A.B. asks: 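For reference, the structure I am asking about is given below.
Being a predicted model, the structure only gives us computed values, none of them experimental. Throughout, numbering of the chain's residues begins at 1 and tracks the sequence.
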Amino acid sequence: ATNDAGLGMLQALGFRFLDKRGNLLGTGGKIMSQVASIDTSAVHPALKETRFTIACDVHNPFCGSDGATYVFAPQKGADAKMVKELEAGMQALSQVIRSATGKDISNIPGAGAAGGMGGGFLAFLNAELKPGIRLMLDALDFGKKIKGADLIFTGEGRADRQTAMGKVPSGILEEARKQNIPVIVLAGSIEDADQMNTPTVNNWTPPKKITEVMIEVQPVSALLKPYILPKVNQTASMIPTNTAIKPKLVARRNGFLEK
């Protein structure tokens with residue numbers, strides 16, 4: 001877990017970050033607000049000829065309300081005071097980067113990935129940011145594999161507003177929509193349902209409705225069938241009734257439960 005805009009990675013590659021007096025700074029997110037200049041004299045020359053394709057699992061910008069710090073730092077253990085300090089550091093560093101490189105990374109989608117490491121790649125290396133889910137779906141030829149499917153199940157530990165920011169379920173939903181295939185996301189928990197049901201700045205077009213169906217695990221297999229049946233019926237009732245999709249699903253559900 002990191003929120004240092006990729007400075008640690010860049011230091012490992014030979015970049016040196018200096019304060020206003022020209023003193024070499026240490027490591028960690030705490031130095032971001034102190035960076036005044038960047039020394040690239042020790043950077044390996046091969047980096048100039050190297051190109052990077054960076055897989056990002058989110059579309060978040062470098063800083064701001066939807067940026068790396070406000071969205072992800074609390075998950076990594078930062079309290080309110082730390083979040084404020086880290087965000088101030090991200091904002092200050094983005095201005096230094098702009099002055100040093102001419103690149104404004106503050107609002108670029110994906111620059112906030114991995115605690116701002118996406119922005120570090122963009123600023124100092126020959127890098128291109130691509131959605132990680134898109135790279136994976138293209139590599140798997142996912143569009144062809146789902147042809148003819150009646151329904152797609154995917155999953156996530158917790159479905160929340162980040163799900164709409166480039167996570168795996170949003171990529172699968174986008175691909176499935178091209179073929180009018182309904183998608184069900186199985187999640188350990190659901191949060192921010194109201195936000196997920198509203199279009200966002202990340203071009204997220206919400207499904208018809210995100211709701212929660214609570215299913216508890218029963219350890220005794222003899223109880224499984226009578227317990228699961230009403231839950232399956234409840235899930236099936238949430239699926240759109242358009243055309244032949246639902247009848248097929250219900251038939252397969254009944255056939256499964258009869259076995």
A.B. asks: Answer with yes or no whether the side chains of Q95 and Q91 bring together a donor and an acceptor at under 3.5 Å.
C.D. replies: no

A.B. asks: Using the ring pair (Phe, Tyr, Trp, His ring centres under 6.0 Å) criterion, which residues pair with F15? Sequence neighbours excluded.
C.D. replies: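 Partners of F15 under the ring pair (Phe, Tyr, Trp, His ring centres under 6.0 Å) test: F124.
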
A.B. asks: What distance do Q179 atom CD and I146 atom CD1 have between them, rounded to the nearest 0.5 Å?
C.D. replies: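 If I round to the nearest 0.5 Å, the distance is 4.5 Å.
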
A.B. asks: Are the side chain of E87 and the backbone of G64 linked by a donor-acceptor contact shorter than 3.5 Å?
C.D. replies: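 Here the side-chain-to-backbone pair exists.
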
A.B. asks: Could you check T50 against L125 for side-chain contact (heavy atoms from CB on, under 4.5 Å), going step by step and ending with a plain yes or no?
C.D. replies: CA-CA 8 Å; T50 306; L125 302 172; over 6 Å; no

A.B. asks: Taking the side chain as every heavy atom from C-beta outward, state whether L93 and L7 have any atom pair closer than 4.5 Å.
C.D. replies: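 Yes, side chains in contact.
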
A.B. asks: Give a yes or no on whether V35 and M117 share a hydrophobic cluster (residues Ile, Leu, Val, Met, Phe, Trp, Tyr; joining criterion: side-chain heavy atoms under 4.5 Å apart).
C.D. replies: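 Yes, because V35 and M117 connect within a single hydrophobic cluster, where side-chain heavy atoms sit under 4.5 Å apart.
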
A.B. asks: For a quick test of reading the model, state the closest non-hydrogen atom pair linking V83 to T69 and the distance between them.
C.D. replies: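 Taking every non-hydrogen atom into account, O-CG2, 3.3 Å.
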
A.B. asks: Search all heavy atoms of G155 against all heavy atoms of P169 and return the closest pair with its distance.
C.D. replies: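 Heavy-atom minimum between the residues: O-CG, 4.0 Å.
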
A.B. asks: Sorted by first residue and then second, give each salt bridge (Lys or Arg N to Asp or Glu O under 4.0 Å) pair with at least one member in residues 117-126; sequence neighbours left out.
C.D. replies: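 Pairs touching residues 117-126 that pass the test: none.
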
A.B. asks: What's the spacing between D138 CG and I133 CD1 if we round to 0.5 Å?
C.D. replies: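 CD1 of I133 is found 9.5 Å from CG of D138.
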
A.B. asks: Can you name the closest pair of heavy atoms from L86 and A78 and give their distance?
C.D. replies: CD1-CB, 4.4 Å

A.B. asks: Applying salt bridge (Lys or Arg N to Asp or Glu O under 4.0 Å), name anything that partners D19, two or more places apart in sequence or on another chain.
C.D. replies: none

A.B. asks: Can you check whether P61 reaches D66 side chain to side chain, under 4.5 Å on heavy atoms?
C.D. replies: yes

A.B. asks: Say you draw a straight line from CD1 of I105 to CZ of F62; how long is it, rounded to the nearest 0.5 Å?
C.D. replies: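 Answer for the CD1-CZ pair, I105 versus F62, is 4.0 Å.
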
A.B. asks: Is K103 atom NZ crowded by more than 12 heavy atoms from other residues, nucleotides or ligands, each under 6.0 Å away?
C.D. replies: yes

A.B. asks: If we only count heavy atoms from C-beta on, is the D4 to Q11 side-chain gap below 4.5 Å?
C.D. replies: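 They are not in contact (no side-chain heavy atoms under 4.5 Å apart), so the answer is no.
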
A.B. asks: For K178, I'd like to know if atom NZ has over 12 heavy atoms of other residues, nucleotides or ligands within 6.0 Å.
C.D. replies: yes

A.B. asks: Do N60 and F72 come within less than 4.5 Å of each other through their side chains, counting heavy atoms only?
C.D. replies: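 Sidechains of F72 and N60: in contact.
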
A.B. asks: Rounded to the nearest 0.5 Å, what separates atom CZ in F142 from atom NZ in K147?
C.D. replies: 13.0 Å

A.B. asks: So K130 and T53, side-chain contact (heavy atoms from CB on, under 4.5 Å) or not? Walk me through it.
C.D. replies: CA-CA 7 Å; K130 289 190 175 182; T53 299; 4.1 Å; yes

A.B. asks: For the residue pair A68 and G116, what are the closest heavy atoms and their distance?
C.D. replies: CB-N, 3.7 Å

A.B. asks: Do E175 and R134 have side chains that get closer than 4.5 Å, going by heavy atoms?
C.D. replies: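 Sidechains of R134 and E175: in contact.
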
A.B. asks: Transitive ILVMFWY cluster of L24 at side-chain heavy atoms under 4.5 Å: who else is in it?
C.D. replies: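 Joined to L24, directly or through intermediates: L18.
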
A.B. asks: Take atom CD of Q75 as the centre, draw a 6.0 Å sphere, and report whether it contains more than 12 heavy atoms from other residues, nucleotides or ligands.
C.D. replies: yes

A.B. asks: To the nearest 0.5 Å, tell me how far F17 CZ sits from T40 OG1.
C.D. replies: 10.0 Å

A.B. asks: Using a 4.5 Å cut-off on heavy atoms from C-beta on, say whether the side chain of L13 contacts that of H44.
C.D. replies: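 No, too far: nothing below the 4.5 Å cut-off.
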
A.B. asks: How long is the gap from CG on L137 to CD on E174, to the nearest 0.5 Å?
C.D. replies: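 Here the interatomic distance stands at 8.5 Å.
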
A.B. asks: Is there a side-chain contact between I172 and F153, using heavy atoms and a 4.5 Å cut-off?
C.D. replies: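 Result no, sub-4.5 Å side-chain heavy-atom pair not found.
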
A.B. asks: Holding to side-chain hydrogen bond (donor to acceptor under 3.5 Å, both in side chains), I want the full list of residues that pass it with D39, two or more places apart in sequence or in another chain.
C.D. replies: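 Testing D39 for side-chain hydrogen bond (donor to acceptor under 3.5 Å, both in side chains), a comparison that skips the adjacent residues, returns R16, S41.
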
A.B. asks: Grouping I, L, V, M, F, W and Y whenever their side-chain heavy atoms are under 4.5 Å apart, do L135 and F52 come out in a common cluster?
C.D. replies: no

A.B. asks: So for atom NZ, which belongs to K76, do other residues, nucleotides or ligands contribute more than 12 heavy atoms lying within a distance under 6.0 Å?
C.D. replies: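 More than 12 within 6.0 Å, yes.
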
A.B. asks: Taking all non-hydrogen atoms of both residues, which atom of A5 and which atom of M90 are closest, and how far apart?
C.D. replies: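 It is CB-SD, 4.0 Å.
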
A.B. asks: Mind checking salt bridge (Lys or Arg N to Asp or Glu O under 4.0 Å) for R98 and listing every partner two or more places apart, or none if nothing turns up?
C.D. replies: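 R98 satisfies salt bridge (Lys or Arg N to Asp or Glu O under 4.0 Å) with D104 once adjacent residues are dropped.
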
A.B. asks: Under 4.5 Å between side-chain heavy atoms, hopping through other hydrophobics if needed: is there a path connecting I54 to M136?
C.D. replies: no

A.B. asks: Given the rule that I, L, V, M, F, W and Y join up when any side-chain heavy atoms are under 4.5 Å apart, are M9 and V58 in one cluster?
C.D. replies: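 No: no chain of side-chain contacts under 4.5 Å links M9 to V58.
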
A.B. asks: Could you report the tightest heavy-atom contact between S65 and V71, atom names first, then the distance?
C.D. replies: O-CG2, 3.9 Å

